[in-house]
Amino acid sequence: MSSELRELYQEVILDHNKNPRNYQELEGATHTAEGYNPLCGDKVKIFLRIVDNVVEDVAFLGDGCAISTASASLLTQAIKGKGRQDVETLFGKFRDMLTQDSTDRQQIDGLGKLAVFEGVCEYPARVKCATLCWHTLQAALDKADVPVTTE
Ligand code: ZN
């Protein structure tokens, strides 16, 4: 990754940490779940309003590091208006980008803005900060009653 790209990615993460999007409780949520990453102390709560298997609205609340907050903020933008299947495909791609040794460019391009977390895979301890909100989203979609933890 070029240093220019790295800087751009960092700017996006810092911006979303400072001004998280869709940061609120969601009225009329049909699905919610809470997640916790004990390694870093990140907490996140995801609210979804799903109608006919489409994410009509999404919001989150949380308390954590810049990566976990920015990831949740970008997640809400990425999944709003998408069908469940598309959301799961997106999560799969995102997880692969962060956990596989080599990710092909085409796959990253399909992630849109979520690609800003590409550099996080170099810091394995931070991968869980970036994926916490996605695991929590998955739990919300599955309507799991137990709190999610990355451990
Ligand atoms: Zn964290």
Side-chain angles (χ1 to χ4, degrees), residues 1-26 29 31-50 54-142 148-151:
M1 205 188 319
S2 72
S3 61
E4 270 166 55
L5 189 60
R6 199 180 292 265
E7 260 173 50
L8 176 76
Y9 281 0
Q10 265 169 11
E11 262 173 49
V12 174
I13 291 172
L14 292 176
D15 172 47
H16 277 263
N17 176 51
K18 223 169 127 183
N19 305 299
R21 318 301 199 268
N22 303 301
Y23 190 83
Q24 61 199 15
E25 215 174 305
L26 184 66
H31 298 61
T32 62
E34 286 180 70
Y36 177 51
N37 172 20
L39 274 186
C40 181
D42 308 315
K43 288 179 191 160
V44 67
K45 184 166 186 184
I46 302 267
F47 304 87
L48 299 166
R49 188 163 70 235
I50 295 181
V54 171
V55 180
E56 216 181 59
D57 209 354
V58 50
F60 83 104
L61 290 174
D63 180 18
C65 69
I67 290 176
S68 72
T69 303
S71 185
S73 173
L74 283 154
L75 172 149
T76 62
Q77 290 191 320
I79 68 165
K80 199 165 176 173
K82 282 204 163 65
R84 275 191 69 145
Q85 200 55 51
D86 291 344
V87 170
E88 274 167 33
T89 303
L90 204 58
F91 179 31
K93 282 186 185 177
F94 186 68
R95 202 174 36 200
D96 287 351
M97 175 181 77
L98 292 176
T99 54
Q100 283 177 356
D101 289 341
S102 62
T103 311
D104 64 78
R105 201 67 236 171
Q106 213 176 351
Q107 193 174 26
I108 291 175
D109 288 346
L111 282 166
K113 268 193 180 178
L114 297 173
V116 299
F117 294 100
E118 187 188 353
V120 171
C121 62
E122 289 168 32
Y123 310 94
R126 311 313 298 274
V127 167
K128 286 176 176 173
C129 300
T131 55
L132 173 67
C133 58
W134 287 90
H135 287 293
T136 308
L137 167 71
Q138 189 79 58
L141 288 171
D142 292 344
V148 183
T149 160
T150 52
E151 291 307 296

**Request:** With the side chain counted from C-beta on, respond yes when Glu118 and Leu111 share a heavy-atom pair under 4.5 Å apart, and no when they do not.
**Result:** no
**Message:** Quick check for you: to the nearest 0.5 Å, what is the distance between Asp96 atom CG and Cys121 atom SG?
**Reply:** 11.5 Å
**Request:** Provide the closest heavy-atom pair for Cys129 versus Ile67 in the form atom of the first, atom of the second, distance.
**Result:** CB-CG2, 3.8 Å
**Fill in**
For Ala130 and Phe117, the nearest pair of non-hydrogen atoms, with its separation, is CB-CD2, 4.3 Å
**Message:** Before we go on, tell me: are the rings of Tyr23 and Phe60 under 6.0 Å apart, centre to centre?
**Reply:** yes
**Prompt:** Do Asp57 and Lys80 touch side chain to side chain, with heavy atoms closer than 4.5 Å?
**Reply:** yes
**Prompt:** Between Ser73 and Thr69, is there a donor-acceptor pair closer than 3.5 Å when you use the side chain of the first and the backbone of the second?
**Reply:** no
**Prompt:** So, do Phe47 and Leu61 sit near enough that their side-chain heavy atoms are less than 4.5 Å apart?
**Reply:** yes
**Item:** Residue pair Leu48 / Ile79, side-chain heavy-atom distance below 4.5 Å
**Value:** yes
**Asked** Atom CG in Asn22, atom CD1 in Ile46: separation rounded to 0.5 Å?
**Response** 10.5 Å
**Request:** Check the pair Leu74, Phe94 against side chain to side chain contact (heavy atoms under 4.5 Å, CB included), reporting the backbone distance first and the verdict last.
**Result:** CA-CA 12 Å; Leu74 283 154; Phe94 186 68; over 6 Å; no
**Prompt:** Does any non-hydrogen side-chain atom of Ile50 lie less than 4.5 Å from one of Leu141?
**Reply:** yes
**Prompt:** Within the side chain of Asn17, is there an N or O that forms a donor-acceptor pair under 3.5 Å with the backbone of Ala70?
**Reply:** no
**Item:** side chain to side chain contact (heavy atoms under 4.5 Å, CB included) assessment of Leu90 paired with Asp86
**Value:** CA-CA 6 Å; Leu90 204 58; Asp86 291 344; over 6 Å; no
**Message:** Rounded at 0.5 Å granularity, tell me how far NZ in Lys93 sits from CG in Leu114.
**Reply:** 10.5 Å
**Asked** Taking it one step at a time, do Asp42 and Arg126 satisfy salt bridge (Lys or Arg N to Asp or Glu O under 4.0 Å)?
**Response** CA-CA 11 Å; Asp42 308 315; Arg126 311 313 298 274; over 6 Å; no
**Request:** Find the distance between CG (Leu75) and CH2 (Trp134) and round it off to the nearest 0.5 Å.
**Result:** 4.5 Å
**Asked** Between the side chain of Ser2 and the main-chain N/O of Leu5, is any donor-acceptor distance below 3.5 Å?
**Response** yes
**Stepwise side chain to side chain contact (heavy atoms under 4.5 Å, CB included) test for Thr136 and Lys43** = CA-CA 10 Å; Thr136 308; Lys43 288 179 191 160; over 6 Å; no
**Item:** Point-to-point distance, once rounded to the nearest 0.5 Å, from OG of Ser71 to NZ of Lys128
**Value:** 15.0 Å
**Item:** Charged tip of Arg95 within 45° of Phe91 ring normal and under 6.0 Å
**Value:** yes
**Item:** Heavy-atom side-chain contact between Gln138 and Glu88 under 4.5 Å
**Value:** yes
**Asked** Taking C-beta and beyond as the side chain, do Arg21 and Asp15 meet within less than 4.5 Å on heavy atoms?
**Response** yes
**Item:** Rounded distance [0.5 Å steps], CG in Leu137 versus CG in Asp142
**Value:** 9.0 Å
**Request:** Identify the heavy atoms of Leu132 and Gly35 that sit nearest to each other, and give their distance.
**Result:** CD1-C, 3.8 Å
